[in-house]
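Only a predicted model underlies this, so the values are computations on that prediction, with no experimental measurement involved.
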2 protein chains.
Amino acid sequence: MNSQFGEKIRTLREKQHLYLRQVAPLLEMDTAQLSKIEKGLRQLKREQIPILAEILKASSDELMTLWLADQIYEVVKDEKMANQAMQVAEKKINLKQRKK
Amino acid sequence: MNSQFGEKIRTLREKQHLYLRQVAPLLEMDTAQLSKIEKGLRQLKREQIPILAEILKASSDELMTLWLADQIYEVVKDEKMANQAMQVAEKKINLKQRKK
DNA sequence: CTTATATTTGCCAATATTTGACAAGTCAAT
DNA sequence: ATTGACTTGTCAAATATTGGCAAATATAAG
């Protein structure tokens, strides 16, 4: 499981019976790039997520969640202190949210 | 609270009564850079964390944890889906660790 | 086996981001 | 006014990421 986001959008695309060559131009990229994104070798730009969600008739929030999770995972994947770091980060996020 | 790592190493440095100008050369940088790192405006290189831990007589694991937490926070700080993303990422990390 | 279509891979130039280095600045103590 | 510690701004250099293309692979059909 290399990229949860990539796997998800591939599944969604196949469910819609769409080809890379159909979806890629809507995101202004070529099929090679989209292929790499689905395989987790490249990142979709954050601001393109809502666009892709619409194309794939999916929840933008869900795709965003997976996309972010991939970014986080990339930071900590080989780290011994991964879990502790996540806990510390979570605390800080919760603090921030309470302020709003 | 902009950088937990930065705040921590500043506190540690002050506890040891060390000046930026004393610590910076040990990390092969100038005081301006170290100052920015302590204020969270720049990142210390990951591989320098153990070196700095030794200089400051601190736990390398603890510093690494804070450093990673800062990286994670940077990814999700303004994101509505931050918490969900963290949960998804955690699950994936736990899966990975179980495999070892 | 040849063709056609979909996807993948490799490469490298273009673009974007981060860093290193220095100069000039603030601030506090004297 | 001078000194010492730290901070800030700038900008070129170093790194990292992306875009775009061509070639490779895979699968199915004739």
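The shortest distance between the side-chain N/O atoms of B:Lys45 and the OP1/OP2 oxygens of C:dG20 is below 4.0 Å. A:Arg13 has no side-chain polar atom (N or O) that falls below the 4.0 Å cut-off from OP1 or OP2 of C:dA6.
Here the side chain of B:Asp30 is nearest to one of D:dA5, D:dT8, C:dC22, namely C:dC22. Residue A:Arg10 has its side chain nearest to C:dT8 when only C:dT8, C:dT5, D:dT7 are considered. Candidate nucleotides D:dT18, D:dA5, D:dT7 were compared by shortest atom distance to the side chain of B:Lys39, and D:dT7 ranks first.
Not a single donor-acceptor pair, N or O on each side, falls under 3.5 Å between the base of D:dG19 and the side chain of A:Lys36.
With salt bridges taken as basic N to acidic carboxylate O contacts below 4.0 Å, none links A:Asp30 and A:Lys36.
Nearest-nucleotide mapping onto DNA chain D: of A:Gln33 and B:Ala32, the residue sitting toward the 5' end is B:Ala32.
Going from atom CD of B:Gln43 over to atom P of C:dT17 covers 15 Å, rounded to whole Å. Distance, B:Leu27 CG to C:dG20 C1': 14 Å, rounded to whole Å. Remark: P of D:dG4 and OH of B:Tyr19 are 11 Å apart, rounded to the nearest angstrom. As rounded to whole Å, 14 Å separates atom P of D:dT7 from atom CE of B:Met29. The CD atom of B:Glu28 sits 10 Å away from the P atom of C:dG20 (whole-angstrom rounding). The separation between B:Leu34 atom CG and C:dG20 atom P is 12 Å, rounded to whole Å. B:Arg21 has its CZ atom 8 Å from the P atom of D:dG4, to the nearest Å. Counting to the nearest Å, the C1' atom of C:dT18 and the CD1 atom of B:Ile37 are 12 Å from each other.
Counting non-hydrogen atoms of neighbouring residues, nucleotides and ligands closer than 6.0 angstrom, the CD atom of B:Glu54 reaches no more than 12 such neighbours. Atom CD of A:Gln84 has more than 12 heavy atoms from other residues, nucleotides or ligands within 6.0 Å.
Contact annotation: the side chain of B:Leu34 never approaches that of B:Arg21 to less than 4.5 Å [non-hydrogen atoms, C-beta and beyond].
When all heavy atoms are compared, the tightest approach of A:Val23 to A:Arg13 is CG2-CD, 3.9 Å.
Among the heavy atoms of the strands lying under 4.0 Å from B:Arg42 is at least one base atom, whether or not backbone atoms are also near.
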